[in-house]
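One structure is given here, and the rest of the page talks about it.
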Amino acid sequence: MAVFSRRIIGLAVTGFICHVGYEVTEDVVLRLADSIDPEVITTAEAAAGSVPGVIRAHARARWTGRTLRIEIEGWIHPELTTAEAGAIGLQVAGQVSRQLPGAASLTWAARAAPA
């Protein structure tokens, strides 16, 4: 009976090790392949789009080591000044950082919306 229980315990430990190895390997491979959860992109675009003055937003993201970097292109009214576009960018950065606290870097690019 003791030999049988050792075999069962050995199989359970082996199964656990294989499971953990798979989880870790999957995460590393996805990071190396620049895989980003689509929800991150959707959340960043929604956060940027919720800021007054942003007509439309498009986001891109990637992992650089352990740092999540997000780039947002925001289309704004073409008659806004550079200072106003910069102020909107600061609001976008604040909104995105509240929605995605894991994002360590944000780049904002203002584009004039088509008339």
What pair of heavy atoms forms the shortest contact from I76 to A110, and how long is it? CD1-CB, 3.9 Å
Here the gap from R62 atom CZ to T67 atom OG1, rounded to the nearest 0.5 Å, amounts to 11.5 Å
Tell me, do L90 and W108 make a side-chain contact under 4.5 Å, heavy atoms counted? no
Taking side chain as C-beta onward, heavy atoms only, is L100 less than 4.5 Å from L106? no
Verdict with reasoning, I70 to I41, per side-chain contact (heavy atoms from CB on, under 4.5 Å): CA-CA 8 Å; I70 299 177; I41 302 297; over 6 Å; no
Do I17 and T14 come within less than 4.5 Å of each other through their side chains, counting heavy atoms only? no
Of all heavy-atom pairs between A44 and V96, which one has the smallest distance, and what is that distance? O-CG2, 4.1 Å
Within 45 degrees of the ring normal and closer than 6.0 Å to the centroid, is that where the cationic atom of R111 sits relative to W75? no
Measuring from atom NE2 of H58 to atom CD1 of I72, what distance do you get when rounded to the nearest 0.5 angstrom? 10.0 Å
Between R56 and E73, is the closest basic N to carboxylate O distance under 4.0 Å? no
Of all heavy-atom pairs linking A61 and I36, the shortest is O-CG1, 3.4 Å
Is Q91 reaching over with its side chain to a backbone N or O of V51, donor-acceptor style, under 3.5 angstrom? no
Can you tell me if E79 has over 12 outside heavy atoms packed within less than 6.0 Å of its CD? no
Which atoms form the tightest heavy-atom contact between R69 and T64, and what is the distance? NE-OG1, 3.2 Å
Would a 4.5 Å heavy-atom cut-off, applied to side chains only, mark V54 and V92 as touching? yes
Please answer whether the main-chain N or O of A47 pairs with a side-chain N or O of S50 as donor and acceptor at a distance below 3.5 Å. yes
Beyond-backbone contact of L68 with V40, side-chain heavy atoms, under 4.5 angstrom: yes
